[in-house]
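Below you'll find the structure, written out as structure tokens, and then a few comments.
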Amino acid sequence: MFDIRAIRNEPETFDKGWSRRGLEPQTPAILKLDEDRRSLQTSLQELQAKRNEESKKIGLIKRDGGDASAQMDAVAAIKTQMGELEEQERDLSKALNDLLSALPNLMADDVPDGADEADNVEIHKWGEIKSLKGPDHVEIGEALGLIDFETAAKMSGARFTILKGAMARMERALAQFFLDTHTAEHDLTEVSPPLLVRDNALYGTGQLPKFSEDQFSTRETDHYLIPTAEVPITNMVAGKIIDTETLPHRYCAHTPCFRSEAGSAGKDTKGMLRQHQFYKVEMVSITTADKSEEEHERMLGCAENVLKKLEIPFRTVKLCSGDTGFGATKTYDIEVWLPGQETYREVSSISNCKDFQARRMNARTRVKGEKETNFVHTLNGSGVAVGRALIAVIENYYDPTDGGVFVPEVLKPYMGGIDKIVKG
RNA sequence: GGAGAGGUGGCCGAGUGGUUUAAGGCGCACGCUUGGAAAGCGUGUUAGGGUUCAUAGCCCUACGUGGGUUCAAAUCCCAUCCUCUCCUCCA
């Protein structure tokens, strides 16, 4: 959401910003609605003031035992006038609001122009690629008898997976390792949030109203299944005024994520790369405006650190304008090397939304003792996607001599001390 | 799922149709007082919006949320959300 006054003051900035996302100039329509609404509001308020004033006289006349019927008729006439204006005002407000809530955030100046992921800019690479090419996780997992897509499909359809034995445990181990690292080394506070939320929460983080077809929802109760823990965690500050000195607030959570993948038919159909349900450890930071860029870099460091400890080669890219998400001003993706695909694939996406979400959910901060409030800045990032990290471990730690998968050093404490997953 | 109670400012809490411009208290801020403090006294203390050169003034809106009744709603009606108590169920 946007500050309508900022749009009034510098419409060119907004149109220029939106044009980077391929949108036609939006401000003429916005400003027209805004102007109409305000002039209507002004006349409506004048009528309201008049009504209040005249109404009070009725009270006074009645208190003194007089006959107020003439005065009552006069006020009734004002009210008739107001009715129409109220309706028009409501329609205009709704139209303006609908328009604004469907518009994406403006991007940071240093976001490169580009159409799609091919135009993303690599920032750096880390790690040594040991196997350039190899079997993919489907082949490895099925041969070990520990990943089962067929059985999952029978009960749930496509894009679901069953993990068994040491593979199920490794998924859990990754999540524990991520959480322990973030809480112990990165000073994030662990959260266990609701997995079902109402529409207003999704509106706050920007998935609604525009992306409703990407969400799963419950038939009986009008809940949505969270597509990421970003939704419930960020919404923890909705409607609040936070003491500035307590910021930043840094959280992480391990949750399942549910996505309909409505627009992805035919994409990544093989394996567990793109699922309707997957686990992810998510990080969220709430900061003041002057600290959010610094926090963004810090968050990137947190995500990269867990991959370094896992010793999985990755590269970090800055998303171009065409690939940057709806609510973000700037996004870094971290991509891990997958020998099975002979390419890098995303395991983490880290975004600074600045005040975009905060405005939608009315999340503010105030310095103690001062009167002025400001919107907080919100940031979110995967730290990291558990399912995809598991794929990376399987493919990068594969042992061609026996078809097994070595256990990364940092996961051993979580794996009952075993060194390797082998066919049982 | 059944029965009931309730949601008022930062907090507590009064208020069942019109001098509510939301009493009173606590807290907080400032001032007076003091050698300094406490106590006491005084003043102030919500948010969003419109108008405006304006941070001045004036005005509008908001008593969980959304509708409605009325000349007039914190107060009456309907819906909805949330909290609490009891029963039922349950990991």
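In what follows, every chain begins at residue 1, and chains take the letters A, B, ... in the order their sequences are listed. Side chains included, hydrogens not; waters and symmetry mates left out as well; all remaining heavy atoms used.
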Here the helical stems involving RNA chain B, each at least 3 consecutive Watson-Crick or G-U pairs closer than 3.5 Å, sorted by first residue number, are B:1-7 with B:81-87, B:10-12 with B:24-26, B:27-32 with B:40-45, B:46-51 with B:57-62, B:64-68 with B:76-80

Considering only B:rG50, B:rG18, B:rU61, which nucleotide approaches the side chain of A:R51 most closely?
B:rU61

Is the distance from OP1 or OP2 of B:rU61 to the nearest side-chain N or O of A:N52 less than 4.0 Å?
yes

Could you please name the option among B:rC81, B:rC59, B:rG18 that lies closest to any side-chain atom of A:Q45?
B:rC59

Among side-chain atoms of A:S285 and A:E295, is any donor-acceptor pair under 3.5 angstrom?
yes

Proximal nucleotide (of B:rG50, B:rC60, B:rA72) relative to the A:K79 side chain:
B:rA72

Given B:rG18, B:rC60, B:rG50, the nucleotide with the shortest approach to the side chain of A:I58
B:rG18

We want to know whether A:T365 and A:N374 form a side-chain donor-acceptor pair, criterion being a heavy-atom distance below 3.5 angstrom.
no

Given B:rG50, B:rG18, B:rC81, identify the nucleotide with an atom nearest to the side chain of A:R198.
B:rC81

Between B:rA47, B:rU51, B:rA72, which nucleotide has the shortest distance from any of its atoms to the side chain of A:R366?
B:rA47

Can you tell me if A:S292 and A:K354 form a side-chain donor-acceptor pair at under 3.5 Å?
no

Donor-acceptor contact below 3.5 Å, side chain A:Q275 vs main chain A:L273:
no

